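Everything numeric in this text was worked out from a predicted model, so none of it was measured.
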Amino acid sequence: SADEKAMLAGLNALSVDNLRVASDYFTYVDRVGYEARRREMSKVLPFPVSALTAYRASKETTREFERWGVDAERACAGAVEAYSAMNSRLVNSMTRHGESSYWLCGNKPRSCDAAAYAQLSYHARSPSCEALRTEMKRFPRLVRYINDVTERLNAMQKNLVKNSDDVRAAETVD
């Protein structure tokens with residue numbers, strides 16, 4: 001329906017405009033978040049590459065956010081606005097579709113769930129996003145959503161790995 005399409009578009013916009021901006025700010029601009037990100041990158045990339053990659057991303061993001069007038073307060077406020085809207089949406093979805101429904105728009109996952117989960121999961125788990133995680137805890141339904149989707153994805157991954165072992169080599173892609 002048109003209402004559902006508008007809801008999907010709005011939730012996707014919150015994920016891109018509010019949550020992603022907060023992710024980038026607290027990962028690359030905020031000093032504490034940047035140091036945490038740099039340490040994480042050093043675990044997967046060798047020293048000169050990890051330091052240079054983090055430094056370049058930080059400089060580019062800082063310049064961009066200075067042009068836009070984004071500071072820590074504005075980035076955090078945008079994330080809290082998205083948390084509140086999504087928390088309310090989850091409560092409404094659960095009321096409308098029953099206790100077993102934990103998706104943002106009804107009883108099945110949509111594009112807005114993928115966009116929201118990617119950012120929300122990062123906020124909940126990244127050492128760069130401690131300030132955002134503190135704010136997120138004020139929205140218990142949202143935290144439950146992240147945990148529910150994570151649990152479901154982990155179960156799917158175990159099933160996919162198990163099934164991939166059963167597939168003959170001729171049926172797999174090289």
Side-chain angles (χ1 to χ4, degrees), residues 1-30 32-34 36-37 39-41 43-44 53-54 57 61 64-65 68 70 72 74-164:
S1 71
D3 289 343
E4 189 175 90
K5 288 179 183 177
M7 180 61 66
L8 288 170
L11 290 168
N12 278 319
L14 280 174
S15 295
V16 170
D17 295 335
N18 291 34
L19 298 179
R20 186 198 53 83
V21 166
S23 296
D24 288 352
Y25 184 88
F26 286 98
T27 300
Y28 296 112
V29 179
D30 179 70
V32 174
Y34 170 71
R37 177 65 175 168
R39 281 190 301 276
E40 291 295 310
M41 290 180 85
K43 292 176 184 177
V44 294
T53 303
T61 305
E64 186 176 318
F65 284 178
W68 293 350
V70 175
R74 188 169 170 194
C76 193
V80 169
E81 178 185 5
Y83 297 160
S84 178
M86 289 178 180
N87 191 72
S88 296
R89 185 68 204 137
L90 288 164
V91 169
N92 291 343
S93 182
M94 190 174 62
T95 302
R96 180 183 246 183
H97 299 284
E99 283 291 321
S100 63
S101 175
Y102 52 82
W103 302 110
L104 286 166
C105 285
N107 56 3
K108 62 182 180 179
R110 308 281 171 97
S111 61
C112 62
D113 288 292
Y117 178 76
Q119 295 299 321
L120 292 170
S121 181
Y122 183 72
H123 291 189
R125 293 180 175 87
S126 173
S128 299
C129 297
E130 186 62 40
L132 298 173
R133 188 173 23 265
T134 301
E135 292 294 331
M136 184 184 286
K137 290 177 184 177
R138 295 182 9 217
F139 302 96
R141 185 61 186 100
L142 191 64
V143 172
R144 190 168 125 205
Y145 169 77
I146 296 166
N147 291 333
D148 288 347
V149 175
T150 301
E151 187 177 308
R152 182 166 248 187
L153 289 172
N154 286 338
M156 284 174 40
Q157 182 180 13
K158 287 177 186 174
N159 191 32
L160 289 173
V161 170
K162 183 182 82 174
N163 288 342
S164 70

Worksheet item: Backbone N or O of Ala57 within a donor-acceptor pair of the Thr61 side chain at under 3.5 Å?
Response: yes

Practice prompt. Could you tell me whether the side chain of Asn87 and the main chain of Arg141 form a donor-acceptor pair under 3.5 Å?
Written response: yes

Worksheet item: Do you see a donor-acceptor pair shorter than 3.5 Å between the side chains of Gln119 and Ser15?
Response: no

Interatomic distance, [X] atom [atom1] to [Y] atom [atom2] [nearest 0.5 angstrom]:
X: Tyr83; Y: Leu132; atom1: OH; atom2: CG; value: 4.0 Å
X: Thr134; Y: Met136; atom1: OG1; atom2: CE; value: 10.0 Å
X: Met86; Y: Cys112; atom1: CE; atom2: SG; value: 7.5 Å
X: Leu104; Y: Leu142; atom1: CG; atom2: CG; value: 8.0 Å
X: Leu8; Y: Ser111; atom1: CG; atom2: OG; value: 5.0 Å
X: Asn18; Y: Cys76; atom1: CG; atom2: SG; value: 11.5 Å

Practice prompt. Could you tell me whether Arg152 and Asp148 have a side-chain N and a carboxylate O separated by less than 4.0 Å?
Written response: no

Practice prompt. Decide, yes or no, whether a salt bridge links Arg37 with Glu40 under the criterion of side-chain N to carboxylate O below 4.0 Å.
Written response: no

Which heavy atom in [X] sits nearest to a heavy atom in [Y], and how many Å separate them?
X: Arg125; Y: Asn147; answer: NH2-OD1, 4.1 Å
X: Ile146; Y: Ser121; answer: CG2-CA, 4.4 Å
X: Leu19; Y: Ala116; answer: CD1-O, 4.4 Å
X: His123; Y: Ser23; answer: NE2-OG, 2.7 Å
X: Ala85; Y: Leu14; answer: CB-CD1, 3.7 Å
X: Arg133; Y: Pro127; answer: NH2-CA, 4.2 Å

Worksheet item: What is the ring orientation for Tyr25 with Phe65, classed by angle as parallel under 30°, tilted 30 to 60°, or perpendicular over 60°?
Response: parallel

Discussion item. Could you walk me through whether Asp24 and Val29 satisfy the side-chain contact (heavy atoms from CB on, under 4.5 Å) test, starting with their C-alpha distance in whole Å, then the side-chain angles of each, then the deciding distance to 0.1 Å, before giving a yes or no?
Written reply: CA-CA 7 Å; Asp24 288 352; Val29 179; over 6 Å; no

Worksheet item: Does Phe139 reach the side chain of Val80, with side-chain heavy atoms less than 4.5 Å apart?
Response: yes

Item to complete: Check step by step if side chain to side chain donor-acceptor pair (under 3.5 Å) holds for Thr150 and Tyr117.
Response: CA-CA 9 Å; Thr150 301; Tyr117 178 76; 2.6 Å; yes

Worksheet item: Ser128 and side-chain contact (heavy atoms from CB on, under 4.5 Å): which partner among Tyr28, Tyr122, Tyr34?
Response: Tyr122

Discussion item. Apply side-chain contact (heavy atoms from CB on, under 4.5 Å) to residues Val149 and Trp103 and explain how you reach the verdict.
Written reply: CA-CA 9 Å; Val149 175; Trp103 302 110; 3.9 Å; yes

